[in-house]
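Just below is one structure, and these are the notes that go with it.
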Number of protein chains: 2
Amino acid sequence: MPSLLGYALLGLLARRPSTGYDLARRMDRPVGYFWTARHSQIYPELARLESSALVEHVDIDGAGPRQTKRYSPTAAGLRALADWVITDPEPQPERDVEVLRLWSLWTAEPAQAAALVTTIRQRHLNRLAAYEAELAELQDDPTARDRGHPNFASRITLEGGVRARRATVEWLTWLLDEIGSP
Amino acid sequence: MPSLLGYALLGLLARRPSTGYDLARRMDRPVGYFWTARHSQIYPELARLESSALVEHVDIDGAGPRQTKRYSPTAAGLRALADWVITDPEPQPERDVEVLRLWSLWTAEPAQAAALVTTIRQRHLNRLAAYEAELAELQDDPTARDRGHPNFASRITLEGGVRARRATVEWLTWLLDEIGSP
DNA sequence: AGGCGCATGTAAGCCGTTACATGATTCC
DNA sequence: GGAATCATGTAACGGCTTACATGCGCCT
């Protein structure tokens, strides 16, 4: 059974065959919004997936001292992905550094607390704008309405991202008022 | 400089001095909503914090073959916590297994997809109810209105949790409609 | 007598980050 | 000539999980 990173890579490769380098870049946007990985983690994982016959590669022309390898999922790889998607997900522990920080906000001076919250809020606004721009592109795309198309899944996860960010921005706006008012 | 776990422990101890065992239990609720740790991680971290003079312990009566230690933050520990809270938080990579799964939902049959989303939605509803119950308790507490009191920070983080869960539940409800309608 | 809760620790191993290492092609 | 981009790998280290290990006091 692949690791979570393995399923993330299978999800990427099922959308488009890629080199390891390309996968690393694609891990920024849009997958990077909820999953990230560095190339140093991706290359060994691709090797593991290949040894399990879930992906395969062909050598293509490219730069560099080594061969450039384009990976694709195998039929078994696509099956493994489809099986994993519907397995009952055990609730995994959440970790949120931002909230951990705000949970100790009572130790800070109100002025500094307000500055911190403003910074965090701006960061979420920027992320929200990025999500909205990507979602806008998909809205006109008919493939994003097809439940069996990757773009459908891209659209629904982006929709979730937009809603989550909006809720967070509203919360932080409320929080600024709580800090500011006596 | 302590690790993030170290700041989580300092945040707990600043609210109430505790044994390592007690800290492990408190890591379920309410800190556990955004940060978790097992006792096997907590005991070594307490030792590290103590060697940095950020916490100290007194031996108290208790069960077990070893001495029972009650830890408290030192003045330096409280200062370290207060300093950390307002340092500019670099945006750290997000990881969300649920969203990663839904991002590959296009590979699943609509019926199975709907079942999965229903399960996840129920889980968020349960969590939302727990947050709301805790928040309700704090609403009547005047200390939760005092910006310098730990309960203030507990209240604002719970408020964020409630808002985030509500947004997620609304999203998943929307998603069920998207999957269900032809 | 047995089970549960309190209480503290260590060890093995996985996952992930940062840093080290190499080298070709393309653009300025 | 130099910098950026493409491209693939390895090594060291820290964080976290799972499992191992021990044993007292209380309740049934």
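So you know, we letter chains A, B, ... as the sequences are listed, proteins then strands, and number each from 1.
Straight-line distance from the CZ atom of A:R48 to the P atom of C:dG13: 16 Å, rounded to whole Å. Atom pair A:L46:CG and C:dG16:C1' shows a separation of 16 Å (rounding to whole Å applied). As a whole-Å value, the separation of B:D59 CG from C:dA7 C1' is 13 Å. What separates CG of B:D22 from C1' of C:dG9 is a distance of 17 Å, to the nearest Å. Rounded to whole Å, atom P of D:dG23 lies 18 Å from atom OH of B:Y21. When rounded to the nearest whole Å, the span between CZ of A:R25 and C1' of D:dA7 equals 11 Å. Residue B:L9 contributes atom CG, which lies 13 Å from atom C1' of D:dG15 at whole-angstrom precision. Rounded to whole Å, the distance from CZ on B:R26 to P on C:dA7 is 13 Å.
B:Q139 has its side chain within reach of B:R155: a pair of non-hydrogen atoms, C-beta onward, lies under 4.5 Å apart. Using a 4.5 Å cut-off on side-chain heavy atoms (C-beta onward), A:M27 and A:R38 make no contact. Looking at B:L105 and B:I179, their side chains come closer than 4.5 Å, going by heavy atoms from C-beta outward.
If you check every strand for non-hydrogen atoms under 4.0 Å, A:R70 touches nothing. Across all strands shown, B:R95 has heavy atoms under 4.0 Å from sugar-phosphate atoms exclusively, and none from any base.
Looking at residues 36-44 of chain B, you'll see B:H39, B:S40, B:Y43 sit with a heavy atom under 4.0 Å from some atom of DNA chain C.
When only modelled atom types and interatomic distance are considered, B:S18 and B:R26 share a side-chain donor-acceptor pair under 3.5 Å.
When each of A:T19, A:L54, A:L13 is checked for a side-chain contact (heavy atoms from CB on, under 4.5 Å) with A:L46, only A:L13 meets the rule. In summary, of the residues considered (A:V162, A:V169, A:T168), a side-chain contact (heavy atoms from CB on, under 4.5 Å) with A:R166 occurs for A:V162 alone.
Which of C:dG9, D:dA7, D:dC16 sits closest to the side chain of B:K69 comes down to C:dG9.
Cation-pi check for A:R147 over B:W106 is not met; the charged atom does not lie both under 6.0 angstrom from the ring centroid and within 45 degrees of its normal. Stacking of B:R15 on the aromatic ring of A:W103 is recorded, both the 6.0 Å distance cut-off and the 45° axial limit being met.
Ring planes of B:Y7 and B:W84: parallel class, angle under 30° (limits at 30 and 60°).
Overall bending of the helix from C:dA1-D:dT28 to C:dC28-D:dG1, expressed as the angle between end axes built from five pairs apiece, is 20° (10° steps).
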